[in-house]
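Written below as structure tokens is the structure these notes are about.
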There are 2 protein chains.
Amino acid sequence: MVSMLERDMREKFRRSGYTLTSQRRAVLDALRDCKGHPSAEEVYLAVKKRNPRVALGTVYQALSVLEEIGLIEAKHWSETPVRYDLNTEPHHDIRCAKCGAVAEIPGVEFEDFASRLQENTPYEVTNASLVIEGVCPACRLES
Amino acid sequence: MVSMLERDMREKFRRSGYTLTSQRRAVLDALRDCKGHPSAEEVYLAVKKRNPRVALGTVYQALSVLEEIGLIEAKHWSETPVRYDLNTEPHHDIRCAKCGAVAEIPGVEFEDFASRLQENTPYEVTNASLVIEGVCPACRLES
DNA sequence: TTCGTTAATAATAACCATTCCTGAAAAAAG
DNA sequence: CTTTTTTCAGGAATGGTTATTATTAACGAA
Ligand SMILES: [Mn+2]
Ligand SMILES: [Mn+2]
Ligand SMILES: [Zn+2]
Ligand SMILES: [Zn+2]
């Protein structure tokens, strides 16, 4: 997935009614460079290094298109900003409440929450995900 | 808990180094009136009905104090604003992605996530909660 | 009570992440 | 090519929330 073929990618855009523009590709490249869970602002700074003419609004729009077509995922915590994730495999991320660093938690998979919830609410459950917060090793030392 | 004694409440404030002011009581009363999961703005409007002199900033500050001493809980979803909940018993809430209505989901209790996560991350896990989104019955009809 | 000290409030400005708007540029379609 | 549609850059606007400051209320000794 990380090294998705150029052809496959173009096709994914086309099927969704979008085009693979240089800006959108630059945002994807930036996400690979950051290789973490960057905010829109951080993606913007990474993109600007190569192309200083790109606008922050464009990055936001590109991120939302990339999310819509399923190439990336937006992750929310109790504090802004939203973080973006190239890893679309099911997995859990934890965010340090002190410094904001996000890390992945490997090897933990919980049951599918949606079904059990669906039996107990008249709402149509469309999404149920864990939000995990904590303190990273570095921040734990200085406290 | 809902009909917590005046005396107990005062004591809870005092132990936390705060005082039970008329504004803070008004915010609690408003939360009871709304009897749902109101935003700060909605609490503000409810409080203003009785005391038009109260300031929005005061409501935000009161809510954060009430949360700190454990009388209410703040609930976050992928969309703002934050909602506040008088019900501090462990339970799940679902938010309609279309209209924002929040409802409680009774009778569902999942295992304690924190422990299993803790074994797989160097972070100190301080919080792991489900964020649940869906479509309410009313919104489902008009689609 | 009174005075001095601290905490809380009202009003308003500032903040920050995000979205919206507009005219220009680029891409796609014909 | 020419026309039509999509995307973009730049910048203004928005919405929820927090910070600032002067005023008011609560507290705590004499
Ligand atoms: Mn991740
Ligand atoms: Mn609730
Ligand atoms: Zn940290
Ligand atoms: Zn609804």
Side-chain angles (χ1 to χ4, degrees), chain A residues 6 9-28 30 37-45 47-69 71-72 74-84 95 100 102, chain B residues 6 9-28 30 37-45 47-69 71-72 74-84 95 100 102:
Chain A
E6 175 78 14
M9 205 142 76
R10 272 210 188 287
E11 179 61 16
K12 191 149 199 172
F13 274 89
R14 211 191 47 70
R15 273 203 312 273
S16 314
Y18 295 108
T19 56
L20 173 48
T21 65
S22 67
Q23 289 88 345
R24 286 168 185 164
R25 182 201 307 278
V27 165
L28 277 171
H37 302 75
S39 64
E41 181 82 29
E42 286 164 345
V43 170
Y44 168 62
L45 293 175
V47 167
K48 264 215 304 195
K49 279 183 189 160
R50 306 212 166 189
N51 177 4
R53 292 188 56 82
V54 73
L56 177 57
T58 302
V59 170
Y60 272 102
Q61 200 223 214
L63 287 167
S64 108
V65 167
L66 293 174
E67 188 195 3
E68 187 188 329
I69 70 183
L71 284 177
I72 66 175
K75 305 243 162 146
H76 301 257
W77 277 272
S78 68
E79 288 180 43
T80 55
V82 174
R83 306 301 201 82
Y84 294 89
R95 179 184 181 280
V102 172
Chain B
E6 176 77 15
M9 205 142 75
R10 273 210 187 288
E11 179 62 15
K12 190 148 201 172
F13 274 89
R14 212 191 48 69
R15 273 203 313 273
S16 314
Y18 295 108
T19 55
L20 174 49
T21 65
S22 67
Q23 288 90 343
R24 286 169 185 165
R25 182 200 307 278
V27 165
L28 277 171
H37 301 76
S39 64
E41 179 83 29
E42 286 165 344
V43 170
Y44 169 62
L45 294 175
V47 167
K48 264 215 306 196
K49 279 182 188 160
R50 304 213 166 189
N51 177 5
R53 294 186 56 82
V54 73
L56 176 57
T58 304
V59 170
Y60 272 102
Q61 200 226 210
L63 288 168
S64 106
V65 167
L66 293 174
E67 189 195 3
E68 187 187 329
I69 69 184
L71 285 177
I72 66 175
K75 305 245 162 143
H76 301 258
W77 276 272
S78 68
E79 287 180 44
T80 55
V82 174
R83 305 301 202 82
Y84 294 89
R95 179 183 181 279
V102 172

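Every chain is numbered from 1 and lettered A, B, ... according to where its sequence line falls, protein lines coming before strand lines. Keep in mind that the numbers below use all heavy atoms, side chains included, and drop hydrogens, waters and symmetry copies.
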**Asked** Of the nucleotides C:dA17, D:dA9, C:dA10, which one has an atom closest to the side chain of A:Arg53?
**Response** D:dA9
**Request:** Could you state the atom-to-atom distance from CG of A:Asn51 to C1' of D:dT7 in whole Å?
**Result:** 14 Å
**Prompt:** Tell me: CZ of B:Arg14 to P of D:dA26, nearest whole Å?
**Reply:** 18 Å
**Prompt:** Any side-chain N or O of B:Gln23 less than 4.0 Å from the OP1 or OP2 oxygen of C:dA8?
**Reply:** no
**Distance in angstrom units between B:Phe13 CZ and C:dA7 P, rounded** = 16 Å
**Request:** For B:Tyr60 and C:dA11, give me the distance from atom OH to atom P, rounded to whole Å.
**Result:** 17 Å
**Message:** Using heavy-atom distances to pick each residue's nearest nucleotide on DNA chain D, tell me which of B:Ser22 and A:Val54 is more 5'.
**Reply:** A:Val54
**Request:** Walk me through it: do B:His76 and A:His76 pass the test side chain to side chain contact (heavy atoms under 4.5 Å, CB included)?
**Result:** CA-CA 9 Å; B:His76 301 258; A:His76 301 257; over 6 Å; no
**Request:** Mind listing the closest non-hydrogen atom pair of B:Arg83 and B:His37 along with its distance?
**Result:** NH1-O, 2.6 Å
**Request:** Over all heavy atoms of both residues, which pair between B:Val59 and B:Ala40 is shortest? Give the atoms and the distance, please.
**Result:** CG1-O, 3.8 Å
**Request:** Look at all strands and tell whether A:Thr58 reaches a base, only sugar-phosphate, or nothing, counting heavy atoms closer than 4.0 Å.
**Result:** base
**Request:** Would you mind telling me which of C:dA8, C:dA10, D:dT7 lies closest to the side-chain atoms of B:Tyr18?
**Result:** C:dA8
**Prompt:** In terms of the nearest nucleotide of DNA chain C, which residue is placed more toward the 5' end: B:Arg24 or A:Leu20?
**Reply:** B:Arg24
**Request:** Return no unless some side-chain N or O of A:Thr21 is found under 4.0 Å from OP1 or OP2 of C:dA27.
**Result:** no
**Prompt:** So what does A:Gln61 hit on the nucleic acid, given a heavy-atom distance under 4.0 Å: a base, only sugar-phosphate, or nothing?
**Reply:** sugar-phosphate
**Complete:** Side-chain atoms of B:Val82 come closest, of D:dA26, C:dA10, D:dT17, to D:dT17
**Length of the CZ-C1' vector between A:Arg25 and C:dA26, whole Å** = 15 Å
**Prompt:** Could you state the CD-C1' distance from A:Glu68 to D:dT6, rounded to the nearest angstrom?
**Reply:** 14 Å
**Asked** Just checking, any donor-acceptor pair under 3.5 angstrom between side chains of B:Glu68 and B:Tyr18?
**Response** yes
**Asked** Separation of B:Arg10 atom CZ from D:dA26 atom C1', in whole Å?
**Response** 11 Å
**Complete:** Heavy atoms of B:Phe13 and B:Thr19 approach each other most closely as CD2-O, 3.5 Å
**Complete:** B:Leu56 CG to D:dG16 C1', in whole Å, measures 9 Å
